[in-house]
Novice: 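Got a structure here, written out as C-alpha cells. Questions coming.
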Amino acid sequence: QVQLVESGGGSVQAGGSLTLSCVASGVTYRTDCMGWFRQAPENSRETVARINSDGSTRYLDVVRGRFTISKDNAKRTLYLQMNSLKPEDSAIYYCAADRILGDDCWVRRDIDFPDWGQGTQVTVSS
C-alpha cells in the first residue's frame, strides 16, 4: 500500500498561484501512474492532471496551459503547479497513485486508483 500526503493548498486571489505537493511512502512501484483530482461542493470528482510511468502528462482542458503536473522520483513527490487561478478552480484537491504502466494510465478510472491522499483545500476568490 502507498500512503499519500498532500500539502500546499490555501486561499488566493484570482490570478494567483499555488503549488501542491503529494509525498508518497510505502510501496513505491504503485506510483507508476499518478494524478491530481479535485472535487468542489455539489460537483463530481474530476481528473485535473495525470502523469504516467514514461513521464508523459495529460490535463483537463480547462486547466491546460495554467497547471503543470510533475514528479520527483528521488523525493517520491508529485507536484501540481497552478498558475492564473480562477474561482472555479476552488475545490478539494487529491492525489492518487496506481501501478499502471504507460498509456494505460490515461484510461484508468479514478475510482480504480487504490491509493488516495486526504486532500488539500484550494480556495480562489474573485
Novice: Do Met34 and Arg50 make a side-chain contact, defined as non-hydrogen atoms from C-beta onward lying under 4.5 Å apart?
Specialist: no
Novice: Any non-hydrogen side-chain atom of Leu20 less than 4.5 Å from a side-chain atom of Tyr79?
Specialist: no
Novice: How long is the gap from CG on Leu85 to OG on Ser11, to the nearest 0.5 Å?
Specialist: 11.0 Å
Novice: Determine whether Asp115 and Gln1 make a side-chain contact, defined as any pair of heavy atoms from C-beta on separated by less than 4.5 Å.
Specialist: yes
Novice: Report whether Leu4 and Val23 are members of the same hydrophobic cluster (ILVMFWY, side-chain heavy atoms less than 4.5 Å apart, transitive linking).
Specialist: no
Novice: Which atom pair, heavy atoms only, marks the closest approach of Pro87 to Ser125?
Specialist: CG-C, 4.4 Å
Novice: Mind listing the closest non-hydrogen atom pair of Ser84 and Ser17 along with its distance?
Specialist: N-OG, 4.3 Å
Novice: Would you call Pro114 and Asp98 a side-chain contact if the rule is heavy atoms closer than 4.5 Å?
Specialist: yes
Novice: Run the ring-ring contact (aromatic ring centres under 6.0 Å, His included) test against Phe37 and tell me which residues pass, sequence neighbours left out.
Specialist: Phe113, Trp116
Novice: Mind checking side-chain hydrogen bond (donor to acceptor under 3.5 Å, both in side chains) for Gln81 and listing every partner two or more places apart, or none if nothing turns up?
Specialist: Thr19, Asn83
Novice: Carefully, step by step, assess Ile111 and Arg45 under the rule side-chain contact (heavy atoms from CB on, under 4.5 Å).
Specialist: CA-CA 10 Å; Ile111 61 173; Arg45 184 171 58 198; 3.8 Å; yes
Novice: Quick check on the hydrophobic clustering: are Trp106 and Leu101 connected, directly or via other members, by side-chain heavy-atom contacts under 4.5 Å?
Specialist: no
Novice: Ala91 and Ala40: which non-hydrogen atoms are nearest, and at how many Å?
Specialist: CB-N, 3.8 Å
Novice: Quick one: does any side-chain atom of Arg38 pair with a main-chain N or O of Glu46 as donor and acceptor, under 3.5 Å?
Specialist: no
Novice: Within the 4.5 Å heavy-atom criterion, are Glu6 and Trp36 side-chain neighbours or not?
Specialist: yes
Novice: Between CD1 of Ile92 and CD of Gln118, what distance do you get to the nearest 0.5 Å?
Specialist: 10.0 Å
Novice: With rounding to the nearest 0.5 Å, note down the distance linking CZ in Arg66 to CG in Leu60.
Specialist: 9.0 Å
Novice: Are the side chains of Tyr94 and Cys22 in touch, meaning some heavy atoms are under 4.5 Å apart?
Specialist: no
Novice: Decide yes or no for Val2 and Thr31: does some side-chain heavy atom of the first lie under 4.5 Å from some side-chain heavy atom of the second?
Specialist: yes
Novice: Please determine whether a side-chain nitrogen of the Lys or Arg among Lys86 and Asp89 lies less than 4.0 Å from a carboxylate oxygen of the Asp or Glu.
Specialist: no
Novice: Can you confirm whether Asp103 sits close enough to Asn52 that some side-chain heavy atom of one is under 4.5 Å from a side-chain heavy atom of the other?
Specialist: yes
Novice: Scan Asn73, Asp72, Ile51 and name whichever one has a side chain to side chain contact (heavy atoms under 4.5 Å, CB included) with Leu78.
Specialist: Ile51
Novice: Keeping Ser53 on the side-chain end and Gly102 on the backbone end, is there a donor-acceptor pair under 3.5 Å?
Specialist: yes
Novice: Taking Lys75's backbone N and O only, do any of them form a donor-acceptor pair with Thr77's side chain (distance below 3.5 Å, no angle check)?
Specialist: yes
Novice: I'd like to know if Asp32 and Arg99 make a salt bridge, using a cut-off of under 4.0 Å between side-chain N and carboxylate O.
Specialist: no
Novice: Would you say Leu18 and Tyr59 are hydrophobically clustered, going by side-chain heavy atoms of ILVMFWY under 4.5 Å?
Specialist: yes
